Amino acid sequence: MTSSKQRNLAAFAFGLGECLLFGGLKYGWASLVFVLKDLGYFHGCSNNLSKDTYDTSVSGTSSDINNSTWTYGHAGNATQQDLCDKELRGLCRTQDSCLHLVFTIATVTCGMMAIPTGALVDRCSIRIPRLIFSVVICSGLLMLALSTPDTSQLLYPSIAGITMGGIVIGIANMQIGNLFISKRSTVVTVYNGAIDSSAIILLTVKVAYEHGISLQISCFTLFAVAFVLFVINTLLLPRDRIVWPPTPKTKARCDDEHKGKANNGISSGSKLYTEVKGNERSKRTRRQSIQLCEAHKEMMEYPNMTSAFVSPMFAFFLLWVSVLQLRDLYFLGTFHSWITELVGDDHSTVSHFTSIMTMVQCAGVVISPLPGLMLDRNKRKVIDAEKALYQDLKDSILVYVITTAVSVLFSVSVILPVIQLQYVSFVLQVVLRAFLYGIASAFLPMAFPTRYYATMLGVLFAAAGLFSLLQYPIFLLVQGPLQGNHYYVNVAFIAMCLSTMLFPIYIHIYVKKKEKLLELNKSSKEWIKFESDLLTDEDKTRSDKV
């Protein structure tokens, strides 16, 4: 194994660890909400109760509550005091609204942070975004560690900082996929799966809290780990931007195409080959077809970034991502109140399902390679240079159809008031998110010039984040006029998810149209060549007669 390959694999591994630890802490929000409500955050806003009324409505001081009487999960049997606490906090819809507002603001600011991050990654090395990540996420963790129920307002900047740090490191690490030519989509989706699975970190915080380790200690521990990983990755990752398509210099670093020194690409007709001497066997490569596709997209399809943003392809893609992300985030943000209503406010059952749901999130890192492998399934085949222009788009259609189908099944399962069925809902939700974010990151370089990639990804997440603002008025609608009934909202989500099927249909029509134009152009060129040859033969005949 060459040193460059070892370095690439090490960069991949450490980047994966960073995504797994901090890339998607917001997906463990349900576990954190459980701890925050148990500690009494935002208790002063419950049903217009003042803090003094709230504290004096139960026996014991505030510190006693934090240490003993509030911890349902710590005691074997519920007492009369527990029932009083449950009535005050478990059914406190205003408290739920405050916590959900924290989550909504965090997801929106996370999306808005994606725009400057994407522009920065497109123009600088990935070390600068990593520095920003370190400062932002460490600040968020420190504010969370220093917050108390009396300073609940600190949750707004702290949770926003944690989520913004996650999006920064997520976008920055996507560049590492450029080191792996034929597995680029797979690497990107694996990283997205690791981001999904980072929900396990807040589950660990919840379990530690139930075993007597305070939230503050957990946050300080995460702060130390974030700093250490930042130092390691800063020293390990390349100093320059990892460009795409690969240049000969970049290609020499790509481990899955080289195991020694490679020859330059050799074109045989419209087939592309590269012979690799290191492992004494010939490997096909798409390097030249990648460069051809990039040139075609930049010259013929999207000569500038504005033309990409205003294209129907990006509009359909943005709608697809926005709707499915709203479906996913609404479930995460309202999980605690939804499961509480479903199980009849049984605190131990709520704790059980919260832990199960968060543990299932870990499967994201296992499921996430599936969409990447489906997108990459034809990349090792011999590729016709002209047909390669739209082959990746054709390969993506099946993945989009599957993702939309999963979102519909998920929306149907959560609408049924059967508690045992929700185990299936948890699995479907993880599959949905693994496919959603994996495809969202992998599709842009397929359809648009890759030199716009990080900027377009940032704009995509920012616009989708703004769209996710709808989750809060929807939540207020459920808590108010609908009296906690999520049925009608879930019916609306089923219809919205079905509408996203328009996107794969559009891709199919688009590809068919473009391939037809290619065939017409090819036929025209052949006819012109035939006429030219015919005229040449006629001129030659006349010359012979003369």
Side-chain angles (χ1 to χ4, degrees), residues 27-43 45-49 54 70-73 78 82-104 199 202-203 206 326-361 409-430 432 470-494 496:
Y27 300 128
W29 174 248
S31 296
L32 185 59
V33 165
F34 185 91
V35 175
L36 295 175
K37 294 189 74 173
D38 203 56
L39 289 172
Y41 279 75
F42 290 115
H43 60 263
C45 67
S46 301
N47 295 326
N48 297 323
L49 292 173
Y54 183 85
W70 290 78
T71 54
Y72 304 107
D82 293 334
L83 297 176
C84 180
D85 291 345
K86 187 185 298 183
E87 182 177 0
L88 284 171
R89 296 177 301 132
L91 297 177
C92 179
R93 291 180 177 176
T94 309
Q95 185 186 33
D96 288 336
S97 298
C98 292
L99 290 170
H100 191 76
L101 181 60
V102 170
F103 181 75
T104 302
L202 290 184
L203 174 61
K206 171 182 174 289
L326 178 63
R327 165 71 275 191
D328 178 60
L329 293 179
Y330 180 79
F331 175 77
L332 291 174
T334 61
F335 176 82
H336 194 274
S337 59
W338 168 72
I339 200 68
T340 299
E341 295 285 345
L342 188 61
V343 302
D345 200 35
D346 185 333
H347 188 84
S348 61
T349 306
V350 170
S351 177
H352 168 75
F353 276 94
T354 301
S355 298
I356 293 296
M357 190 275 286
T358 310
M359 283 190 290
V360 173
Q361 308 298 304
L409 291 175
F410 167 65
S411 299
V412 171
S413 65
V414 297
I415 206 173
L416 301 175
V418 180
I419 190 61
Q420 292 79 9
L421 183 62
Q422 302 318 312
Y423 294 108
V424 178
S425 300
F426 300 159
V427 175
L428 290 174
Q429 188 259 343
V430 172
L432 168 61
L470 292 174
Q471 63 180 300
Y472 189 65
I474 293 173
F475 178 77
L476 294 180
L477 176 66
V478 171
Q479 295 292 79
L482 297 181
Q483 296 295 311
N485 187 355
H486 294 265
Y487 177 82
Y488 297 103
V489 170
N490 285 324
V491 170
F493 272 125
I494 292 174
M496 293 173 66

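Quick caveat, the model's predicted, so the values are computed rather than measured. These values consider heavy atoms only, across backbone and side chains, with no hydrogens, waters or symmetry-generated copies.
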> Can you check side chain to side chain contact (heavy atoms under 4.5 Å, CB included) on Asn490 and Ile494, steps first, answer last?
CA-CA 6 Å; Asn490 285 324; Ile494 292 174; 5.7 Å; no

> Are Trp29 and Leu202 side-chain neighbours, meaning at least one heavy-atom pair lies under 4.5 Å?
no

> CE/Met357 to OH/Tyr27 distance, rounded to the nearest 0.5 angstrom?
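Between atom CE of Met357 and atom OH of Tyr27 there are 12.5 Å.
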
> Does Tyr423 have any ring-ring contact (aromatic ring centres under 6.0 Å, His included) partners at least two apart in sequence or in another chain, and if so, which?
Phe353

> Side-chain donor-acceptor pair under 3.5 Å between His100 and Tyr330, yes or no?
no

> Using 0.5 Å steps for rounding, measure from the CD1 atom of Ile356 to the CD atom of Gln422.
13.0 Å

> If you measure from CG on Leu32 to NZ on Lys37, what distance do you get to the nearest 0.5 Å?
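Reported value, rounded in 0.5 Å steps: 12.5 Å.
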
> If you round to the nearest 0.5 Å, how far is CG of Leu99 from CG of Leu36?
6.0 Å

> When rounded to the nearest 0.5 angstrom, what is the spacing between CG in Leu101 and CG in Leu476?
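Going from CG on Leu101 over to CG on Leu476, the span is 8.5 Å.
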
> Assess the side chains of Thr354 and Ser31: does a donor N or O sit below 3.5 Å from an acceptor N or O?
no

> Is there side-chain contact between Val360 and Gln429, with at least one heavy-atom pair below 4.5 Å?
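Of all side-chain heavy-atom pairs linking Gln429 with Val360, none is under 4.5 Å.
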
> Carefully, step by step, assess Leu477 and Tyr488 under the rule side chain to side chain contact (heavy atoms under 4.5 Å, CB included).
CA-CA 10 Å; Leu477 176 66; Tyr488 297 103; over 6 Å; no

> Does the pair Phe493 and Val414 meet the rule for a side chain to side chain contact (heavy atoms under 4.5 Å, CB included), with working shown?
CA-CA 11 Å; Phe493 272 125; Val414 297; over 6 Å; no

> Distance from Phe34 atom CZ to Lys206 atom NZ, nearest 0.5 Å?
5.0 Å

> Which word best sums up how the rings of Phe426 and Phe331 line up, parallel for under 30°, tilted for 30 to 60°, or perpendicular for over 60°?
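Taking Phe331 first and then Phe426, their aromatic rings sit tilted (interplane angle of 30° to 60°).
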
> Does the Glu341 side chain pair with the main chain of Asn485, one donor and one acceptor, at a distance under 3.5 Å?
no

